[in-house]
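Below: one structure, written as structure tokens.
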Amino acid sequence: MSERVFREWRNRVAAEYRSAALTAQVSHWMIQCGLPDPLLHTSLRIVRDELDHAALSHECLVALGGDDAPASIDVSRLAEPARNGVLADLVSSITRNFCLGETLAVPLFNAMRAGTSHPAAQRVLTRVLKDEAIHRAFGWDALDALIEMDPVGVRSRVSSELPALLEGFEQSYAFAPTLDTLSDEERSMGLLSLADYAEVFWVTVRGDISKRYGVRGIDVPGPYGPR
């Protein structure tokens with residue numbers, strides 16, 4: 001079995017735990033800011049989803065032949081620092097982790113699921129893909145609620161942060177799309193090549209994310225805008 005497969009699924013376990021923790025923090029900030037109850041209930045559902053995803057990813061790792069040791073978690077990454085006040089920090093987290101992160105996650109997991117044939121990986125990706133659509137919708141609904149609270153301030157903060165955030169996601173998802181290849185076995189276990197990541201990034205940012213921001217009166221900068 002490829003070590004890359006084990007590393008990928010170990011990383012997914014850690015990433016799902018991190019998502020659970022960051023969403024719990026978002027829930028706390030939302031309560032402090034007085035966002036609508038339906039959004040609060042959805043955020044708590046997302047915490048549970050992410051914990052489930054972590055457990056399922058660990059089960060998949062073991063089923064693929066990985067060890068059963070507890071995931072190695074960097075606890076310093078399980079919360080985002082409070083920098084600019086609760087409302088501003090909430091806007092930043094919703095923008096980064098949901099309007100960008102979860103919106104990119106839906107097509108990424110769809111691409112993973114399309115190439116997966118191993119039953120253990122299929123089980124995880126099918127469940128995750130079902131949940132991610134809800135997580136994506138939550139992010140944009142939360143942004144709408146925040147814009148309603150402070151239209152000028154929220155739009156200004158998102159606009160100021162988008163260039164650096166999009167550049168960061170590009171560096172993570174589309175930095176070297178020609179430098180690797182995957183075996184058929186690796187694809188069957190839920191992995192994507194760097195070229196796949198790059199394609200999903202650009203199609204989603206230009207064809208989906210930029211348009212969602214546009215209808216909310218927020219321009220997406222430079223090369224990330226609609227084509």
Side-chain angles (χ1 to χ4, degrees), residues 1-26 45-81 93 96-98 100-136 165 168-201 204:
M1 182 67 61
S2 164
E3 175 57 31
R4 181 157 54 174
V5 172
F6 297 148
R7 181 172 63 250
E8 176 71 16
W9 282 99
R10 284 194 295 267
N11 288 343
R12 290 186 191 178
V13 175
E16 299 292 356
Y17 275 121
R18 182 171 188 267
S19 293
L22 295 183
T23 307
Q25 185 178 40
V26 161
R45 177 240 161 102
I46 293 171
V47 175
R48 295 191 296 270
D49 287 345
E50 303 290 17
L51 292 173
D52 287 347
H53 297 172
L56 288 168
S57 296
H58 181 72
E59 291 173 7
C60 180
L61 171 64
V62 174
L64 295 175
D67 63 62
D68 195 23
S72 176
I73 306 293
D74 180 356
V75 296
S76 69
R77 301 186 71 240
L78 297 183
E80 295 183 323
S93 186
R96 179 187 307 106
N97 298 312
F98 289 93
L100 296 180
E102 295 288 354
T103 303
L104 283 163
V106 173
L108 282 170
F109 280 112
N110 189 54
M112 291 173 192
R113 178 66 178 78
T116 298
S117 59
H118 193 287
Q122 281 183 332
R123 177 170 175 253
V124 180
L125 295 174
T126 298
R127 165 66 192 276
V128 170
L129 187 57
K130 177 182 175 182
D131 292 337
E132 292 301 319
I134 294 170
H135 303 180
R136 174 180 61 186
L165 288 174
F169 274 94
E170 181 186 354
Q171 289 299 312
S172 296
Y173 286 20
F175 68 98
T178 63
L179 295 184
D180 79 327
T181 57
L182 291 180
S183 68
D184 290 342
E185 181 183 52
E186 288 170 332
R187 286 188 178 276
S188 77
M189 294 178 180
L191 273 64
L192 289 181
S193 70
L194 295 179
D196 295 328
Y197 275 98
E199 180 179 5
V200 168
F201 173 82
T204 306

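Since we're looking at a predicted model, the values are computed, not measured. These numbers come from the heavy atoms of this one structure, side chains and all, not from hydrogens, waters or symmetry mates.
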query: Is the closest basic N to carboxylate O distance between Glu16 and Arg12 below 4.0 Å?
result: no

- request: May I ask you to say whether Arg18 pairs ionically with Asp74, meaning some side-chain N is under 4.0 Å from a carboxylate O?
  value: no

task: Would you check, one step at a time, whether the test side chain to side chain contact (heavy atoms under 4.5 Å, CB included) holds for Leu22 with Arg96?
output: CA-CA 11 Å; Leu22 295 183; Arg96 179 187 307 106; over 6 Å; no

query: Can you check side chain to side chain contact (heavy atoms under 4.5 Å, CB included) on Glu8 and Glu186, steps first, answer last?
result: CA-CA 10 Å; Glu8 176 71 16; Glu186 288 170 332; over 6 Å; no

- prompt: At their closest point, which heavy atom of Glu80 faces which heavy atom of Ser93, and how far apart are they?
  reply: OE1-OG, 3.1 Å

query: Checking Trp9 side chain against Gly190 main chain: does a donor-acceptor pair fall under 3.5 Å?
result: no

message: Are more than 12 heavy atoms, taken from residues, nucleotides or ligands other than Arg45, located less than 6.0 Å from that residue's CZ atom?
response: yes

- prompt: Quick one: are Arg187 and Asp196 in side-chain contact, heavy atoms under 4.5 Å?
  reply: yes

message: I'd like to know if Glu3 and Arg10 make a salt bridge, using a cut-off of under 4.0 Å between side-chain N and carboxylate O.
response: yes

task: Could you tell me whether a side-chain N or O of Thr103 sits under 3.5 Å from a main-chain N or O of Phe98, the two making a donor and an acceptor?
output: yes

query: Are any side-chain N or O atoms of Asn110 and backbone N or O atoms of Val106, one a donor and one an acceptor, separated by less than 3.5 Å?
result: no

- prompt: Do Arg48 and Asp52 meet the salt-bridge criterion of a basic N to acidic O distance under 4.0 Å?
  reply: no

task: Please report the C-alpha distance between Cys60 and Met189 in whole Å, then the side-chain angles of each, then the deciding distance to 0.1 Å, and finally whether the side chain to side chain contact (heavy atoms under 4.5 Å, CB included) criterion is met.
output: CA-CA 9 Å; Cys60 180; Met189 294 178 180; over 6 Å; no

- prompt: Can you check whether Asp49 reaches Arg127 side chain to side chain, under 4.5 Å on heavy atoms?
  reply: yes

- request: Quick one: closest heavy-atom pair of Pro107 and Thr204, and the distance?
  value: CG-OG1, 3.2 Å

message: As a quick check of understanding, evaluate side chain to side chain contact (heavy atoms under 4.5 Å, CB included) for Arg4 and Leu182, giving each step before the final call.
response: CA-CA 10 Å; Arg4 181 157 54 174; Leu182 291 180; 3.5 Å; yes

